[in-house]
2 protein chains.
Amino acid sequence: MMNLNSRPGRIGTPCLACPLRMKPAFEDKTDDEIRFIQAMKTDHRSLKAGSDIISPDQESAELYTLFSGWAFRYKSLPDGRRQILNFLLPGDIVGLQASLLAAAQHGIEALTDVELCVFPRKRIWDLFVRMPNLAYELAWLGSREESMIDDNLTSVGQRNASERIAALVITLYRRADALGLVSDSSFDFPLSQQQLADALGLSLVHTSKTWSKLRKAGLFTISGGRLTLLNPRLTARMAAVYEQSKAPRPLI
Amino acid sequence: MMNLNSRPGRIGTPCLACPLRMKPAFEDKTDDEIRFIQAMKTDHRSLKAGSDIISPDQESAELYTLFSGWAFRYKSLPDGRRQILNFLLPGDIVGLQASLLAAAQHGIEALTDVELCVFPRKRIWDLFVRMPNLAYELAWLGSREESMIDDNLTSVGQRNASERIAALVITLYRRADALGLVSDSSFDFPLSQQQLADALGLSLVHTSKTWSKLRKAGLFTISGGRLTLLNPRLTARMAAVYEQSKAPRPLI
DNA sequence: CAGATTCAATGATGAACCTCAATTCGAGGC
DNA sequence: GCCTCGAATTGAGGTTCATCATTGAATCTG
């Protein structure tokens with residue numbers, strides 16, 4: 001029997017009907033802008049969890065938007081130590097730094113199975129010439145990412161193990177919430193403890209111990225890859241994390 | 001007697017004759033571009049060491065280029081802990097993130113006496129509309145800054161105290177070198193140990209002890225606020241830091 | 001030059017975190 | 001149902017780093 005599946009074609013859902021775009025987390029765009037984005041998008045790509053989206057030192061990387069799934073940026077030292085720099089959720093821009101600079105200074109890996117909207121590097125210049133508003137928003141998104149890394153650096157540099165975990169969990173919770181991925185205070189949480197450790201700058205063992213300490217203290221529970229945050233207020237206070245802006249952001 | 005000093009007027013040296021721009025660290029620009037930058041610059045401001053260039057939570061911050069001196073970006077937790085995110089040297093863009101986002105998520109402080117070229121926030125949009133090449137370079141500079149913070153996060157998350165110090169010293173050395181500020185392997189090094197500690201995510205005491213351990217080990221000497229790097233190769237190896245790109249970068 | 005102030009250096013002690021090692025748990029595969 | 005394999009948990013012991021406290025050096029002030 002022929003497989004008449006509902007899977008969209010080479011470039012996926014038309015951008016005008018993009019389900020992400022409907023979410024309140026994202027700004028409205030003019031039809032003109034969306035048509036430009038649609039024309040710029042050359043592919044809709046699916047990757048398995050664990051695959052490289054951008055490999056370290058890759059030259060002339062392409063630009064993506066994460067359509068579904070989670071990913072992370074990371075940086076490795078020659079002896080194998082690895083720091084996870086930040087996590088990427090649906091709607092986030094992927095590879096902006098790598099596509100603007102001559103060569104990627106980091107890797108980007110799919111944390112879960114992901115779908116990506118592909119924008120070839122060459123057309124970025126076009127966007128700057130023809131769509132200054134989109135160019136501005138691209139720069140804005142870059143600054144937003146920098147701001148999130150600032151937070152992570154502050155966390156890793158200043159907070160102890162418990163605070164770091166609390167800060168990471170509450171931040172991811174809020175980001176998932178903004179995307180409508182939270183229900184009954186719980187959301188999909190696909191990180192392994194090794195990945196947690198690499199993001200927090202802690203050893204695997206110490207991460208595991210602190211993680212279960214916080215679970216036993218009643219901060220959150222986890223089962224079936226889903227995390228339920230039992231006391232968001234407490235978690236936020238423990239991490240000394242401020243409310244973050246809920247204003248809609250650009251989606252490109 | 002009237003003070004006929006040689007200090008330039010309200011907007012300082014004309015951008016076409018900017019001494020920074022002459023340095024090999026920076027790309028050549030067309031006269032057109034430089035004239036646009038000149039027109040966009042509304043002030044040339046001098047600040048004393050220790051003053052705030054952008055204060056935490058400041059709204060609608062202006063955009064600057066650091067003309068002379070050093071500065072740093074930092075982020076504080078409510079209880080007073082502070083993380084220095086990165087250092088700014090002459091030619092670096094100052095406040096891009098703060099001027100693109102609605103409110104600054106960090107503070108920027110003058111580490112030494114500084115001079116700044118002031119570009120009002122309002123004209124940034126103008127730049128995106130009329131000068132796509134400059135807009136692209138602005139985004140490029142933002143990505144470069146992000147890349148430097150990535151490095152710092154990796155350092156704080158993965159390296160031990162000695163490695164962190166080595167990485168910071170070698171990185172600052174190379175950046176100073178690119179600006180022609182190094183002679184006989186030595187350069188001005190205006191950081192206090194408290195600032196070092198805040199940048200490295202270490203306590204003041206441990207920073208002091210590790211710092212003198214590395215001096216005694218013959219990595220570098222310091223006197224009169226000037227640091228001499230005795231063994232750049234060894235320092236780079238200890239930090240496991242790669243060569244970084246020496247390609248010229250945009251100056252705006 | 002005495003007094004105040006800031007920054008750097010260093011010893012003592014304890015807590016936080018790391019490494020090594022062993023064990024348990026859970027999800028396939030057959 | 002049993003085996004395998006990766007991920008998570010837990011204990012023991014060691015190291016790094018933080019905190020507290022004191023002193024010395026350098027700079028400023030009146």
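Proteins come first, then strands; the chains are lettered A, B, ... in the order of their sequence lines, and each starts at number 1.
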### Message
Looking only at the side chain of B:K216 (C-beta and beyond, no hydrogens), which of the listed nucleotides C:dT10, D:dC17, C:dC17 gets closest?
### Response
C:dT10
### Query
Where the side chain of B:V205 is defined as all heavy atoms beyond and including C-beta, which of D:dG11, C:dT10, D:dT9 is the nearest nucleotide?
C:dT10
### B:S212 side chain, from C-beta outward: closest of D:dA8, C:dC17, C:dT10
C:dT10
### Query
What does B:R215 touch in the nucleic acid at a heavy-atom separation under 4.0 angstrom: a base, only the sugar-phosphate, or nothing?
sugar-phosphate
### Query
Among the nucleotides C:dA9, D:dA12, D:dT9, which one has an atom lying closest to any side-chain atom of A:S208?
D:dT9
### Task
Measure from NE2 on B:H206 to P on C:dG11 and round the result to the nearest Å.
15 Å
### Task
Figure out the CD1/P separation between B:I222 and D:dA26, and round it to whole Å.
15 Å
#### Entry: Gap between atoms NZ and C1', on B:K213 and D:dT15 respectively (whole Å)
12 Å
#### Entry: Among C:dC17, D:dC17, D:dT19, the nucleotide that comes nearest once only the side chain of B:K209 is considered
D:dT19
### Query
Which nucleotide, D:dT9, D:dA12, C:dC17, lies nearest any side-chain atom of A:W211?
D:dT9
### Message
Measure CG/A:D198 against P/C:dC17 and give the value in whole Å, please.
### Response
17 Å
### Message
Starting the side chain at C-beta, find the nucleotide from C:dT10, C:dT19, C:dC17 nearest to A:N160.
### Response
C:dC17
### Query
If you count the non-hydrogen atoms of other residues, nucleotides and ligands that lie under 6.0 Å from CG in A:N231, is the total more than 12?
yes
### Message
Rounded to whole Å, please give me the gap between CG in A:L111 and P in D:dA7.
### Response
13 Å
### Message
So A:L204, base contact, sugar-phosphate only, or nothing? Heavy-atom distance under 4.0 Å.
### Response
nothing
#### Entry: Rounded distance in Å - CG (A:L196) to P (D:dA7)
13 Å
### Task
Remember a base hit wins even if backbone is also touched, and classify A:S192 as base, sugar-phosphate or nothing at under 4.0 Å, heavy atoms.
sugar-phosphate
### Euclidean distance, atom CD of residue B:Q158 to atom C1' of D:dT16 [Å, nearest integer]
16 Å
### Message
I want to check one thing: is the phosphate of D:dT9, taken as OP1 and OP2, less than 4.0 Å away from some side-chain N or O of A:Q193?
### Response
yes
### Task
Under the ring pair (Phe, Tyr, Trp, His ring centres under 6.0 Å) rule, what do B:F67 and B:H44 come out as? Steps first, then yes or no, please.
CA-CA 9 Å; B:F67 181 79; B:H44 190 89; 4.9 Å; yes
### Message
Between P on D:dT19 and CG on B:D79, what's the gap in Å once rounded to a whole number?
### Response
11 Å
### Query
Near A:D188 CG, under 6.0 Å, is it more than 12 heavy atoms from other residues, nucleotides or ligands?
yes
### Message
I want to verify a distance call: between D:dT19, D:dA18, C:dC18, whose nearest atom is closest to the B:L202 side chain?
### Response
D:dA18
### Message
Which residue is it: A:R82, A:R73, A:R81? I am looking for the one with a salt bridge (Lys or Arg N to Asp or Glu O under 4.0 Å) to A:D198.
### Response
A:R82
### Query
Are more than 12 heavy atoms from other residues, nucleotides or ligands located less than 6.0 Å from atom CG of B:D184?
no
